Amino acid sequence: MWLFWLIVIVAVVLYLLRKSNTSSGSSTASSSNLKIAVSSHSEMGDLETKVGFLPTSDGGFQIGPNLPIPLTLYGLDQADAAKLVAALEQGREYEIGEWFNHLVAQKNVQCKELVDWLAYAKPTIKRLVDLKRLASSEWEAATALDKEDLLAEFQNAAVEELALRPGFIETARTILFEEPNDLTVDDVLLARFKDAPDTYKSLLYAISAGPRVQVAPAAEYRRKTYEELTEKGFMRRGQEIPLEDILAGMTMKRMQEIAGSDAPKKFTRKAHAVEFLMTLPDTRQRLEKTISFRELFQLKPIEGIDLEELAKAHAYSSEVSRLILRTLRAGLESQRLKESSKDWEVDGWELNSEECCPDCRKLHGKTWKRLPQKLPPFHIGCDASIEMQ
Ligand SMILES: [Zn+2]
């Protein structure tokens, strides 16, 4: 048992070391310190678990060949694969999150295991939705808009029922239904900013909020980025923003207050409220009394780029990159457990899969005397884990 406590102490020390380094913002210091700590406890084994990678015959890379589920990635090069693997081994996947997200977007990185899952999930979802439509008493008589609403309801229920899916349901939804029509939509933008990665990053950040008017008070974290983008000509600010767009971002209640006693009646639709306020000669002056124009920012249209579609593509690739990192991270945890469990005296092992998909939930609470051969993650995005008893 003393070995177990030694491991716990080492883990806590490592965690504190990493934490203090993260807060000082130096990732190089973090990795070198970590290496020292790891090598001085090399006999522990559990801290040196390797992820590794292998090139595949069709131009991809298999990340973590010894992990419970290795992931096969296409579109990245050997240096990218090495960087990803090193970060995972050093527990820095949070720090490389942004880099990896960018890589997935820029190189349209494909994950074979995700593609395989989609090949199972998409037709299954379609079948489940069809069944729900047939069983629905409302469907036949529903209007086109109500059908849209019903369909969304059926789709959401179908994802919940899907036997095998990423544990985090929002991730499954995004991957299944939010796939952009054109995954290469951001390539034009990336090509244009390949020499200015910081501007690209800021721009992507602003784009993820969409073309709506954004309110960014001076103390807000987005403010500096927005000011820089305005300076570079990608955003407009305050008085430059069309009045109509500012009004469109307001609530009806607010517009009612601005219209005051001039409003013919209570507004019931937003479009009417905007339309009415645009007819008043002094709407701008009225607005100036209630809002600070300096706080308002709006992305300018970018020639040849569909900003809505781009925001969608960005949200999708972020989800994909997070899913890949989470799955690899979970595999590494299991592998570490496997490699170090030899030294531990434990009563047994228990599977915790309460939060995962129906297939995994069936196994929740299963126990073993010895660590089983097959360890989680059992599939891409699996949230199951093995715990010591
Ligand atoms: Zn599962």
Side-chain angles (χ1 to χ4, degrees), residues 22-28 30 75-77 79-80 83-84 87 92-109 170 174 178-242 245-246 248-249 291-325:
T22 316
S23 55
S24 73
S26 160
S27 60
T28 27
S30 157
L76 70 182
D77 61 30
D80 299 328
K83 181 170 174 173
L84 169 64
R92 287 189 297 112
E93 69 275 2
Y94 182 76
E95 286 90 331
I96 59 147
E98 207 175 326
W99 164 79
F100 189 60
N101 180 4
H102 192 152
L103 188 82
V104 169
Q106 187 181 26
K107 300 193 170 175
N108 303 320
V109 170
E170 278 311 317
T174 307
E178 305 289 318
E179 191 177 358
N181 300 322
D182 181 9
L183 267 172
T184 60
V185 64
D186 54 350
D187 289 3
V188 185
L189 196 67
L190 278 158
R192 205 177 301 177
F193 291 99
K194 69 179 191 319
D195 300 322
D198 285 344
T199 306
Y200 176 78
K201 235 161 54 188
S202 307
L203 200 55
L204 213 54
Y205 177 67
I207 285 168
S208 64
R212 282 168 294 118
V213 175
Q214 305 290 316
V215 185
E220 218 181 278
Y221 63 99
R222 314 181 283 178
R223 174 68 168 256
K224 208 170 151 277
T225 307
Y226 285 180
E227 281 177 345
E228 276 168 18
L229 288 171
T230 307
E231 234 165 75
K232 287 179 176 148
F234 294 108
M235 289 189 107
R236 46 188 165 217
R237 180 179 191 175
Q239 302 288 357
E240 289 170 24
I241 303 172
D245 292 351
I246 297 176
I291 51 171
S292 153
F293 273 62
R294 294 189 80 255
E295 292 179 350
L296 304 181
F297 294 84
Q298 184 189 33
L299 212 53
K300 280 187 190 172
I302 306 175
E303 210 201 317
I305 287 163
D306 180 343
L307 288 181
E308 295 260 9
E309 193 61 20
L310 191 58
K312 216 173 144 187
H314 179 58
Y316 189 81
S317 63
S318 312
E319 202 62 66
V320 169
S321 67
R322 277 199 300 268
L323 187 62
I324 293 171
L325 287 180

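For clarity, every value in this text was computed on a predicted model and none was experimentally measured.
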> Restricting to non-hydrogen atoms, name the atom on Met235 and the atom on Ala206 that form the minimum distance, rounded to 0.1 Å.
CE-CB, 4.2 Å
> What heavy-atom pair brings Pro180 and Lys312 nearest, and what distance separates the two atoms?
CA-CE, 4.4 Å
> Which value, rounded to the nearest 0.5 Å, describes the distance between Leu229 atom CG and Leu203 atom CG?
5.5 Å
> Got a second to check how far Asp77's CG is from Lys83's NZ, nearest 0.5 Å?
11.0 Å
> Check whether any side-chain heavy atom of Leu84 sits under 4.5 Å from a side-chain heavy atom of Leu325, and report yes or no.
yes
> Heavy-atom distance under 4.5 Å between the side chains of Val213 and Phe297, does that happen here?
no
> Give a yes or no on whether Gln239 atom CD has more than 12 heavy-atom contacts from other residues, nucleotides or ligands under 6.0 Å away.
yes
> Minimum heavy-atom separation for Ser202 and Thr225, please, with both atom names.
CB-CG2, 3.5 Å
> To the nearest 0.5 Å, how far apart are OH in Tyr316 and OG in Ser321?
11.5 Å
> How many angstroms lie between CD1 in Ile207 and CG in Leu310, if you round to the nearest 0.5 Å?
4.5 Å
> In Å, rounded to the nearest 0.5 Å, how long is the span from CD of Gln106 to OH of Tyr200?
7.5 Å
> Check this for me: does any side-chain nitrogen of one of Lys224 and Glu227 sit under 4.0 Å from a carboxylate oxygen of the other?
no
> Out of curiosity, Arg236 CZ to Thr230 OG1, how far, rounded to the nearest 0.5 Å?
11.0 Å
> Taking C-beta and beyond as the side chain, do Glu179 and Thr174 meet within less than 4.5 Å on heavy atoms?
no
> With a 4.0 Å cut-off, would you call Glu295 and Arg237 a salt bridge?
no
> Please tell me whether Arg212 and Gln298 have a donor and an acceptor in their side chains that are separated by less than 3.5 angstrom.
no
> Please test Ile291 against Ile246 for side-chain contact (heavy atoms from CB on, under 4.5 Å), starting from the C-alpha separation and ending with a verdict.
CA-CA 10 Å; Ile291 51 171; Ile246 297 176; 4.0 Å; yes
> Can you find a heavy atom in the side chain of His102 that is under 4.5 Å from one in the side chain of Ser317?
no
> Within a strict 4.5 Å, meaning less than it, do heavy atoms of the Asp80 and Val109 side chains meet?
no
> Report the C-alpha separation of Arg223 and Arg294 in whole Å, then their side-chain angles, then the decisive distance to 0.1 Å, and conclude whether the side-chain contact (heavy atoms from CB on, under 4.5 Å) test is met.
CA-CA 10 Å; Arg223 174 68 168 256; Arg294 294 189 80 255; 3.3 Å; yes
> With heavy-atom distances below 4.5 Å as the criterion, would you say the side chains of Tyr226 and Gln214 are in contact?
yes
